[in-house]
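Just below is one structure, and these are the notes that go with it.
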Amino acid sequence: MKFSPLEILKDFASFFPMVWAILRGRWKMPWKTFFLALLCLVYFISPVDALPDVLPLLGIADDSAFILLVLTLLHKDLTAFRQAKNQDKTVLEAQIVPPSEENAKK
């Protein structure tokens with residue numbers, strides 16, 4: 001499965017809103033997906049790393065590799081989230097109500 005850099009950027013941009021929607025109960029998904037998303041956030045924020053960030057490039061490279069792995073695993077769910085978000089447009093419907101006899105007299 002090949003991903004273009006544009007797809008990866010879209011997935012990254014959708015990741016945090018998706019996690020926020022999950023936490024607020026506005027988006028349902030499998031527990032595996034939720035667990036991977038939460039694990040990615042904790043790993044990224046945590047000072048404990050496989051390779052410390054103090055190392056010039058290696059410290060950031062392992063974080064980036066882990067994030068790309070999780071984004072790849074979550075690609076299907078992130079795409080579904082984006083599609084649902086794009087389709088979730090609020091449509092206000094108005095109904096024309098004929099005036100009642102009392103309102104017509106006024």
Side-chain angles (χ1 to χ4, degrees):
M1 185 185 303
K2 279 187 168 180
F3 294 110
S4 68
L6 184 59
E7 284 294 317
I8 293 171
L9 286 175
K10 283 182 189 177
D11 285 350
F12 185 75
S14 301
F15 179 76
F16 295 106
M18 182 183 76
V19 171
W20 183 243
I22 293 168
L23 292 174
R24 291 186 311 176
R26 295 187 177 188
W27 180 252
K28 303 276 185 204
M29 63 180 18
W31 283 104
K32 175 190 162 201
T33 303
F34 178 69
F35 177 73
L36 284 173
L38 199 58
L39 181 68
C40 182
L41 282 174
V42 169
Y43 186 80
F44 183 70
I45 294 171
S46 172
V48 179
D49 262 344
L51 294 172
D53 291 338
V54 178
L55 298 173
L57 291 174
L58 294 176
I60 296 172
D62 78 318
D63 289 349
S64 301
F66 185 72
I67 290 170
L68 286 175
L69 173 69
V70 170
L71 287 177
T72 303
L73 294 172
L74 298 180
H75 177 70
K76 182 177 157 185
D77 295 315
L78 288 164
T79 302
F81 176 74
R82 274 195 309 273
Q83 289 173 350
K85 190 175 174 186
N86 288 339
Q87 291 175 357
D88 186 27
K89 299 196 188 304
T90 304
V91 178
L92 297 175
E93 294 183 18
Q95 181 180 5
I96 299 174
V97 179
S100 65
E101 290 180 22
E102 293 176 8
N103 290 337
K105 291 178 184 178
K106 293 180 182 178

Going from [atom1] on [X] to [atom2] on [Y], what distance comes out if it is rounded to the nearest 0.5 angstrom?
X	Y	atom1	atom2	result
Leu73	Lys32	CG	NZ	6.5 Å
Ile67	Leu74	CD1	CG	12.0 Å
Thr72	Ile8	OG1	CD1	6.0 Å
Phe35	Cys40	CZ	SG	11.5 Å
Gln87	Arg82	CD	CZ	13.0 Å
Leu71	Asp11	CG	CG	6.0 Å

Task: Neighbour count >12 (heavy atoms, 6.0 Å) for atom CZ, Arg26 - done: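 Atom CZ in Arg26 is not packed in, count stays at 12 or less.
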Can [Y] be reached from [X] by stepping across I, L, V, M, F, W or Y side chains whose heavy atoms are under 4.5 Å apart?
X	Y	value
Leu69	Phe15	yes
Val42	Trp31	no
Val70	Leu23	yes
Met18	Leu9	no

Task: Pairwise side-chain contact, Lys85 with Ser14, heavy-atom cut-off 4.5 Å (strictly under) - done: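 With C-beta onward as the side chain, the pair stays apart.
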Open item on the list: Parallel, tilted or perpendicular: which one describes the rings of Tyr43 and Phe66, with boundaries at 30° and 60°?
Closed with: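 The rings of Tyr43 and Phe66 sit tilted, inter-plane angle from 30° to 60°.
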Open item on the list: Give me the atom names and distance for the closest heavy-atom approach of Ala84 to Trp27.
Closed with: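 Looking at all heavy atoms of both residues, the shortest contact is CB-CZ3, 3.5 Å.
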